[in-house]
Amino acid sequence: MIDSILRLLQTLAMAIPLVLITGCSDNPASSERRWELAWSDEFDGAAGERPDSTKWGYDIGTDWGNAQLEYDTDRAQNVSLDGQGRLAITARQESYEDQAYTSARIVTRDKFEPIYGRIEARILLPIGQGIWPAFWLLGANIGTVGWPQCGEVDIMEYRGQEPAVTHGSLHGPGYFGGSAVTRRYALTDGRFNEGFHLFAVEWSDYSIEWYVDDQLFLVVRPQDISGDWVFNNPFYIILNVAVGGNWVGPPNDQTTFPQTMLIDWVRVYREIK
């Protein structure tokens, strides 16, 4: 019953084109901003349906530069709607294309590539050694300039073996990989696999701000970095669940499968000047 009421309230809120998002009491600049919805996916549809093909595509393959162990597919077994207004990205332990695990990595590349705004998702995270979910952005010019020159904004990264901690990071030329600008956010109560949490960035031409549940925990401006600021160009959105990799290590005998990241929505707002 409570879930039904919450879903109704969310639907009513979506019907209002002008949305004020003023989450952070310790960030007066943010509290003065006004936003309007520019793009969203609420993941409504029947259980087993794949995500809206007008909004999402797929990166299909394995080892995207981090020694990951999964093969990312476009199969419904790895990415599909759950019939309750959520998208499930599921990592499975199975032999597929010479890999021991499968999962999915969906992207808005060539479909929706915002520049600036508030980009947010409400997510329930999985748990377990070697499980690596992320909600992030890549510069749309990666095909011509490569990485890290294109820029990368990790809105949320998470190590499954640290279920009360997420990370926000910025990668660019001169500050990438182990030298990225980064900060962790730790819950004071509970774990990220126990309930949904809201992950967001507010991105402008002069700063990027990271939030968890509307609590500001990281601000980066051009003067804060040692290399070029490459974040005044369009970026595309990525959601994925990796298995293994340099940052999290491989699963161990305590890691159970399948492991699922549930996404309630993804919403992008533009600022009203």
Practice prompt. Consider only side-chain N and O atoms of Trp136 and Glu152, and report whether a donor and an acceptor are under 3.5 Å apart.
Written response: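 No, no side-chain donor-acceptor pair sits under 3.5 Å.
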Do [X] and [Y] land in one hydrophobic cluster if side-chain heavy atoms of ILVMFWY residues count as linked below 4.5 Å?
{"X": "Ile115", "Y": "Ile119", "answer": "yes"}
{"X": "Val79", "Y": "Leu125", "answer": "yes"}
{"X": "Phe176", "Y": "Leu138", "answer": "yes"}
{"X": "Val230", "Y": "Tyr236", "answer": "no"}
{"X": "Tyr206", "Y": "Trp210", "answer": "no"}

Discussion item. Filter on ring pair (Phe, Tyr, Trp, His ring centres under 6.0 Å), then keep only pairs touching residues 239-263, sequence neighbours left out; what's left?
Written reply: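 Passing the test, one end in residues 239-263: Tyr101-Phe257, Trp132-Trp247, His167-Trp247.
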State whether the side chain of [X] and the backbone N or O of [Y] hold a donor-acceptor pair below 3.5 Å, judged by distance alone.
{"X": "Asn252", "Y": "Gln254", "answer": "yes"}
{"X": "Asp82", "Y": "Gln84", "answer": "yes"}
{"X": "Glu113", "Y": "Asp110", "answer": "yes"}
{"X": "Tyr96", "Y": "Ser103", "answer": "no"}
{"X": "Ser95", "Y": "Ala100", "answer": "no"}
{"X": "Glu42", "Y": "Gly85", "answer": "no"}
{"X": "Lys55", "Y": "Phe112", "answer": "no"}

Worksheet item: Would you call the rings of Trp147 and His171 parallel, tilted or perpendicular if under 30° counts as parallel and over 60° as perpendicular?
Response: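 Tilted: the ring planes of Trp147 and His171 meet at 30° to 60°.
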Looking at [Y], is [X] sitting on its ring face, NZ or CZ under 6.0 Å from the six-membered ring centre and within 45 degrees of the normal?
{"X": "Arg105", "Y": "Trp64", "answer": "yes"}
{"X": "Arg86", "Y": "Phe196", "answer": "no"}
{"X": "Arg183", "Y": "Phe217", "answer": "no"}
{"X": "Arg33", "Y": "Tyr269", "answer": "no"}

Discussion item. Applying the side chain to side chain contact (heavy atoms under 4.5 Å, CB included) criterion to Ser169, which one of Val153, Asp154, Val181 satisfies it?
Written reply: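 Among Val153, Asp154, Val181, the one that satisfies the side chain to side chain contact (heavy atoms under 4.5 Å, CB included) with Ser169 is Asp154.
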Practice prompt. From the options Glu94, Arg92, Gln93, select the one residue that forms a side chain to side chain contact (heavy atoms under 4.5 Å, CB included) with Pro258.
Written response: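 Among Glu94, Arg92, Gln93, the one meeting side chain to side chain contact (heavy atoms under 4.5 Å, CB included) with Pro258 is Arg92.
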Minimum side-chain heavy-atom gap [X]-[Y] below 4.5 Å:
{"X": "Trp35", "Y": "Arg267", "result": "no"}
{"X": "Tyr211", "Y": "Ile155", "result": "no"}
{"X": "Thr90", "Y": "Gln77", "result": "no"}
{"X": "Arg191", "Y": "Ile127", "result": "yes"}
{"X": "Pro133", "Y": "Val241", "result": "yes"}
{"X": "Val266", "Y": "Phe43", "result": "yes"}
{"X": "Arg109", "Y": "Asp59", "result": "yes"}

Separation between [atom1] of [X] and [atom2] of [Y], rounded to the nearest 0.5 Å:
{"X": "Ile89", "Y": "Gln259", "atom1": "CD1", "atom2": "CD", "value": "13.5 Å"}
{"X": "Leu137", "Y": "Ile237", "atom1": "CG", "atom2": "CD1", "value": "6.5 Å"}
{"X": "Ser207", "Y": "Phe231", "atom1": "OG", "atom2": "CZ", "value": "12.0 Å"}
{"X": "Arg184", "Y": "Arg159", "atom1": "CZ", "atom2": "CZ", "value": "10.0 Å"}
{"X": "Ile106", "Y": "Ile60", "atom1": "CD1", "atom2": "CD1", "value": "12.5 Å"}
{"X": "Thr102", "Y": "Glu97", "atom1": "OG1", "atom2": "CD", "value": "11.0 Å"}

Where is the tightest heavy-atom contact between [X] and [Y], given as atom of each residue plus distance?
{"X": "Leu69", "Y": "Pro251", "answer": "CD1-CD, 4.0 Å"}
{"X": "Leu198", "Y": "Arg122", "answer": "CD1-N, 4.2 Å"}
{"X": "Ala121", "Y": "Ile263", "answer": "CB-CG2, 4.5 Å"}
{"X": "Glu120", "Y": "Ala200", "answer": "CB-CB, 3.7 Å"}
{"X": "Pro114", "Y": "Val268", "answer": "CB-CG1, 4.3 Å"}
{"X": "Leu170", "Y": "Trp229", "answer": "CD2-CZ3, 4.0 Å"}

Item to complete: Please lay out, stage by stage, how His197 and Leu187 fare under the test side-chain contact (heavy atoms from CB on, under 4.5 Å).
Response: CA-CA 11 Å; His197 292 268; Leu187 292 174; 3.9 Å; yes
Establish, yes or no, whether a centroid distance under 6.0 Å links the rings of [X] and [Y].
{"X": "Phe235", "Y": "Trp203", "result": "yes"}
{"X": "Phe199", "Y": "Phe135", "result": "no"}
{"X": "Trp39", "Y": "Trp56", "result": "yes"}

Discussion item. For Glu202 and Arg118: C-alpha separation, side-chain torsions, deciding distance, then whether side-chain contact (heavy atoms from CB on, under 4.5 Å) applies.
Written reply: CA-CA 4 Å; Glu202 293 185 8; Arg118 177 180 167 100; 2.8 Å; yes
Fill in: Tyr175: side-chain hydrogen bond (donor to acceptor under 3.5 Å, both in side chains) partners, not counting sequence neighbours
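Scan of Tyr175 (side-chain hydrogen bond (donor to acceptor under 3.5 Å, both in side chains), adjacent residues dropped) gives none.
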Worksheet entry | CA sep, side-chain torsions, deciding dist, call: Asn78, Glu70, side-chain contact (heavy atoms from CB on, under 4.5 Å) | CA-CA 11 Å; Asn78 295 117; Glu70 87 285 354; over 6 Å; no
Discussion item. Please determine whether the number of non-hydrogen atoms from other residues, nucleotides or ligands lying under 6.0 Å from atom CG of Asp205 exceeds 12.
Written reply: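 Atom CG in Asp205 is crowded, with more than 12 foreign heavy atoms closer than 6.0 Å.
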